[in-house]
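Here the structure comes first, spelled out in structure tokens, and everything after it is commentary.
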Amino acid sequence: MTDLSRRAALKGAGAGTLLAAAMAAGLLRPSDALADWNKGAFEAKTVSDALKSLKVVSPAETKDIAIKAPDIAENGAVVPIEIQSNIPGTKSIAVLIEKNPFPYAGSFDVSQGAMPFVALRVKIGESSNVRVVVATADGRFYTAVKEVKVTIGGCGG
Amino acid sequence: MRALTASILGATTLALVASAAAQVVDPRSEAVATLKRDFKSQGIAAVDRLDEDGVQAICNRSDDKPPKEIAQRLESDQLQQIKYPADGKYLGDWKTGERIAQDGRGMTWSDKAGAPGGGSCYNCHQIGLQETSFGTIGPSLYQFGKVRGYGTDVQKYVYGKIYNAKAFSLCSQMPRFGHVGALTEQQIRDLVALLLDPSSPVNK
Amino acid sequence: MKRALTLCVAATFAAATAFPQPAAAQSKAGAAKPPPTAVERDAVTAEFEKFREVLEDANPAELFEAKGEELWKARRGPNNASLERCDLGLGPGVVKGAYVHLPRYFADVDKVMDAERRIVHCMTTLQGFKLEELAKRPFSTANATPDPVALVTYVAGQSRGMKIAVPQKHPKERATFEVGREIFFYRAGSYDFSCASCHGEDGKRIRTQQLPNFTKADQAIRAYQGWPGYRLTGGVMHTLQWRLWDCFRQQRFPEPGYVSDSLTALLTYLAVNANGQVYKGPGIKR
Amino acid sequence: MADPMRIRARLEGDVADVRVLMAHPMETGQRKDAAGNVVPLHFIQTITAHLNGKPVFQAEVSQAISRNPVFGFKVKGAKAGDKLTITWIDNKGDKRTDEMTLAAG
């Protein structure tokens with residue numbers, strides 16, 4: 001998932017300030033500065049390519065990830081999702097909307113003092129599986145899915 | 001026919017006005033005057049849409065429960081105005097009909113003049129089972145042909161109902177799609193096919 | 001209240017007597033699968049309700065309440081004045097609790113005004129803004145939230161948890177209610193629709209959207225609960241002025257004037273019907 | 001400058017249940033404006049939360065996050081009086097930081 005050692009190093013060195021200065025000076029584009037924003041994974045058009053960029057290796061299907069999301073979403077523009085991982089040593093939680101043009105929606109690092117939980121709201125273009133991948137501190141991967149149907153809402157006039 | 005509507009309207013209005021004569025202000029007249037002051041023509045939706053036609057006037061003045069004999073006369077008046085296809089063919093293409101049933105556009109101030117509109121059918125009706133997003137203002141039309149039969153008499157009825165629902169039930173909530181030019185002859189045929197073609201998913 | 005109608009954009013194949021039953025109908029009826037039951041339909045509604053609570057728990061409308069509060073207190077407009085002397089009915093500057101008593105009669109203009117109309121009135125009289133300018137772009141877009149929208153959201157938020165108590169003492173308040181009721185039931189336009197076509201009967205839906213019956217208190221409150229509200233479609237804040245404007249569009253009517261008498265009358269009808277219900281604050285809608 | 005976030009935190013024991021609302025258009029780069037021009041991609045990319053200056057929660061996200069984003073997370077080892085700071089940075093380099101003090105639940 002996100003490269004934690006690199007991120008920690010950047011923060012430790014107070015590099016954020018330096019990077020902001022470099023950006024302001026036009027030396028770096030924001031996307032360069034955000035070295036730990038996984039461009040490859042976010043630009044991947046398939047789930048398997050995204051997982052490859054995230055360095056996810058053979059994730060195991062599990063029932064220990066609880067995904068709370070609507071069976072039928074009232075509006076695909078705002079679909080609330082809550083994820084609770086019950087897997088010991090959960091380090092990060094990644095969310096992929098399988099049918100979206102760019103499936104990888106983001107990853108949440110909970111290893112530094114947060115509970116293995118995240119709530120977010122996402123855009124889902126058409127009925128799709130929401131895939132969650134949990135990475136653990138000891139380098140294992142677990143996954144679960146929840147299907148969300150997207151419907152037409154109002155008069156359409 | 002216009003004269004007929006007008007005379008019925010006149011008589012009913014007089015009766016109702018007489019019964020309300022004790023009131024100082026007539027809220028209905030005040031309401032209509034207020035609407036006409038506040039609303040402006042926009043795009044294809046001109047202010048003359050605020051004027052009631054005969055059917056609307058009778059329904060507005062009777063809480064949608066017109067006296068039976070007036071309802072019957074006006075219904076038959078509306079029925080006579082239905083233009084059925086000259087070739088007697090009522091059945092179009094159900095696949096096109098499904099698209100029209102899904103399409104909720106047409107006749108609003110944001111629609112363009114002459115742009116093809118839809119029937120907005122799913123807004124109020126369940127039709128094909130594959131569409132789970134359907135309204136419940138009107139009854140389910142699922143299995144319409146299977147239940148009612150596929151004969152020419154049913155086809156003609158459905159054509160007429162979509163063309164002008166008020167010809168069959170004066171104060172029906174269903175728009176008069178053909179009567180007001182919201183749907184073309186071919187579009188209505190396609191909708192008839194959606195309900196009455198045996199191969200339409202409606203009848204599976 | 002006496003009347004009951006139904007619909008949005010299509011039909012009622014209702015009148016039982018109107019349909020000629022061909023003989024084939026009875027014989028084939030047995031073979032037909034029944035359509036999904038009311039219970040199955042309600043399951044969709046229940047699912048929406050469950051997640052609406054999740055959405056309400058953190059409503060982006062709060063962002064607009066904050067913006068509105070900032071605007072209320074700022075010295076703005078040609079007169080460089082704040083709105084802190086604006087009288088919303090409880091005295092100059094009193095915002096807390098004002099919203100649940102609107103629309104109401106204001107002696108200074110000898111008129112009944114709804115919340116947005118009164119706020120716009122204060123913007124023109126106190127701050128010197130021009131109504132014609134405000135009326136040019138009154139509704140939110142993806143790029144801009146007009147000031148009155150944020151202000152109404154702020155004012156509405158200041159009545160969170162209070163009971164709707166819209167007055168009907170002044171003759172003009174009662175007359176406005178009556179006019180509002182007539183407009184609510186007035187069928188006209190290309191599709192013969194009135195407000196009641198969609199909002200005059202219990203338990204109906206357009207597509208998947210539930211249609212509150214505004215003639216009843218426990219349902220009329222839902223219109224008030226909804227708007228001002230954060231609309232998920234487009235992610236913008238909208239007020240009741242917008243809601244009525246877009247309802248009239250879909251009703252196939254011509255365009256209503258912004259903060260006009262017709263809309264005040266309709267809002268009075270709606271609010272009085274909701275009297276006694278608790279207002280939960282700005283809403284979140286599909 | 002971006003509008004302030006709205007941060008709410010409820011203390012349950014030593015866990016702070018945090019909800020944050022952010023004002024951001026989260027443009028997908030696919031939407032067209034009224035004039036028919038494509039609105040460029042504009043979205044929050046990273047979010048970090050600190051408790052008394054120590055990082056506790058970090059995220060990288062895409063334009064698939066809904067407009068005016070809402071996130072929820074739970075911070076361990078929190079107590080009343082602690083300072084919670086949240087920062088987001090978007091793809092144009094705009095950033096916003098807001099802080100709140102935890103109150104006793």
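Below, read A as the first sequence line, B as the second, and so on, with proteins coming before strands; counting in each chain starts at 1.
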Of the listed residues ([options]), which shares the most heavy-atom pairs with chain C below a 4.5 Å separation?
options	answer
Thr34(B), Thr132(B), Asp38(B)	Asp38(B)
Val32(B), Val47(B), Leu50(B)	Leu50(B)
Ala101(B), Cys171(B), Ser41(B), Gly181(B)	Cys171(B)

Winner by heavy-atom pair count (cut-off under 4.5 Å) against chain B, out of [options]:
options	answer
Gly180(C), Pro254(C), Ala188(C)	Pro254(C)
Gly203(C), Gly257(C), Ser190(C)	Ser190(C)
Ala265(C), Pro256(C), Gly189(C), Ser260(C)	Pro256(C)

Electrostatic pair Arg61(B):Glu52(B) at N-O distance under 4.0 angstrom: yes
Under a 4.0 Å N-O cut-off, is there an ion pair linking Asp190(B) with Arg99(B)? no
Parallel, tilted or perpendicular: which describes the rings of Trp109(B) and Trp245(C), with under 30° parallel and over 60° perpendicular? tilted
Should His125(B) and Ser140(B) count as side-chain neighbours, where that means a heavy-atom distance under 4.5 Å? no
Does a side chain donor of either Tyr269(C) or Glu182(C) reach within less than 3.5 Å of an acceptor in the other side chain? no
Is it the backbone or the side chain of Phe248(C) that comes under 4.5 Å from a heavy atom of chain B, or both, or neither? both
Taking the six-membered ring of Tyr90(B), is NZ or CZ of Arg189(B) closer than 6.0 Å to its centre and within 45° of its axis? no
